[in-house]
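Sequence lines set the chain letters: A, B, ... in the order given, protein chains first and strands last, and positions in each chain run from 1.
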Number of protein chains: 2
Amino acid sequence: MDTAAPTGARARTRRAILDAALSVLAAKPAASLSDIAAAAGVGRTTIHRYFPERSDLLAAIGSYLLERIDLATARARPDDGTGAEALERVCQEYFELGDVLLFAFENNQATEWVDWESESESDRILGRLIQRGHADGTIDPRLPPAWVAELMWSMLYAAWQHTRQNQVPKHTSLSLCLHTLRKAIAAGC
Amino acid sequence: MDTAAPTGARARTRRAILDAALSVLAAKPAASLSDIAAAAGVGRTTIHRYFPERSDLLAAIGSYLLERIDLATARARPDDGTGAEALERVCQEYFELGDVLLFAFENNQATEWVDWESESESDRILGRLIQRGHADGTIDPRLPPAWVAELMWSMLYAAWQHTRQNQVPKHTSLSLCLHTLRKAIAAGC
DNA sequence: TTTCTCCGGAACATCAGTGTTCCATTTCTC
DNA sequence: GAGAAATGGAACACTGATGTTCCGGAGAAA
């Protein structure tokens, strides 16, 4: 079994495992490898072939989360327009992450699986665009970048909770989230 | 062993177990009864004397959370002043809950331990004061009560995260939280 | 001082999950 | 079509946690 990045069928199997793991663990952090295998439609032995131990799978999930977040950040074109406009686009793209978002938010221990002590690329990009917002007057300079980032993440979570707990359509929750975020970060008001 | 509400030393022991359980499980949801016992300074057998099975302890934690939240809601005097003023006081009291807040937020499965399907008293009070805010013009009527409640909870969590992750003093985080909540819910702006 | 209650540590049985090995089957590639 | 690679289910050993029982000690109460 070579350790090169898998291709074709092997890549699809690996991806299916990671997607299933995200969903299952988001709903039930203590879910077993058997639970994940069943959700992925593979055998438990197969899980072990791709990820020798449970900790290896968790680490891979962590990396997968960061990868998905980085891709969403790129799709948001963070360097275009004002800081506030860019932040709203990032917010929209992150909202579409669904399980990734919920997982990253609810599972604090995910930070122990990958080295999240060091900032991710998305963190840096987010920090810069908030500072750009301070400079162009679209984001309240009294709000530190770290707080604005934390705020956005938590409002995204609130939006998803609003959808799940209160049976509200996704787009309504996103609209409320964007509307409220806009007001929360606005300068001069 | 009678099942009457414990008093004196027994009540203190029970309380110590619940407080330790909250802290330990907030940081590590899969923590064992041994972990909790160690943190509470009691023997594991003692845990079993107060809570026959792990599920009994979890249920007691759930009730304890609700109790703490209800007390914090009462302390906030929700019927005084405008809706927005009352909401800010509730926010401040909830912030002081610390571990209770973090636990309730990060552990979705806590909702499975007590019957959270039916609204708690605090939920109803919160809903009423947000509607009062709509009526007295201090809370944006475009924001549904359920969304405002969800928003407040998530911003409280963001504030605590800001303190933990970014080494910011508690009072600074609370100030940012209240400042941002005020802007987010304001009508006409 | 005696009795009673509570407690904690040790020991034990049980169980669920993990990691590993094996082998037959299926799928994929040439 | 053949061979290689991948897969899945079964079986097994191991581990950690839980629930239970027991007993001696400490502290409180009578």
Atom CZ of A:R49 to atom P of D:dG8: distance rounded to whole Å?
8 Å
From C-beta outward on A:T13, which listed nucleotide comes closest to its side chain: D:dT7, D:dG19, D:dA10?
D:dT7
Take atom CG of A:D35 and atom P of C:dA16, then tell me their distance rounded to the nearest Å.
13 Å
Where the side chain of B:R44 is concerned, which of C:dG19, D:dG19, C:dC7 is the nearest nucleotide?
D:dG19
For D:dG9, does the base pair up with any side-chain atom of A:T45 as donor and acceptor (N or O, under 3.5 Å, distance only)?
yes
Nucleotide of C:dG9, D:dT18, C:dG19 approaching B:H48 most closely (side-chain heavy atoms)
D:dT18
Which of C:dA10, D:dG8, C:dT18 is nearest the side chain of A:V42? It is D:dG8
Does A:Y50 put a side-chain nitrogen or oxygen below 4.0 Å from OP1 or OP2 of D:dA6?
no
Nearest to side-chain heavy atoms of A:R10, which nucleotide of D:dC22, D:dA6, C:dG19
D:dA6
Closer than 4.0 angstrom, basic N to acidic O: yes or no for A:D79 and A:R128?
no
Nearest whole Å is fine: how far is D:dT20 P from B:F51 CZ?
15 Å
When we call it a touch if two heavy atoms are under 4.0 Å apart, what does B:S32 touch: a base, just sugar-phosphate, or nothing?
sugar-phosphate
Reference residue A:I47; test side-chain contact (heavy atoms from CB on, under 4.5 Å); the match among A:D56, A:T13, A:I17:
A:I17
Interatomic distance, A:I47 CD1 vs D:dG9 C1' [rounded to whole Å]
14 Å
Over how many whole Å does the gap from B:E53 atom CD to C:dT14 atom C1' extend?
13 Å
Same apolar cluster (I L V M F W Y, side chains within < 4.5 Å links), A:I36/A:L102
yes
Provide, to the nearest angstrom, the distance between the CZ atom belonging to A:R54 and the C1' atom belonging to D:dG16.
14 Å
Separation of D:dA28 C1' from B:R12 CZ (nearest whole Å)
12 Å
Could you check how far CD1 of B:I36 sits from P of D:dA17, rounded to whole Å?
12 Å
Side-chain heavy atoms under 4.5 angstrom apart, residues restricted to Ile, Leu, Val, Met, Phe, Trp, Tyr: same cluster for B:V168 and B:L101?
no
Using a 6.0 Å distance limit plus a 45 degree cone around the ring axis, check whether B:R10 lies over the aromatic ring of B:Y50.
yes
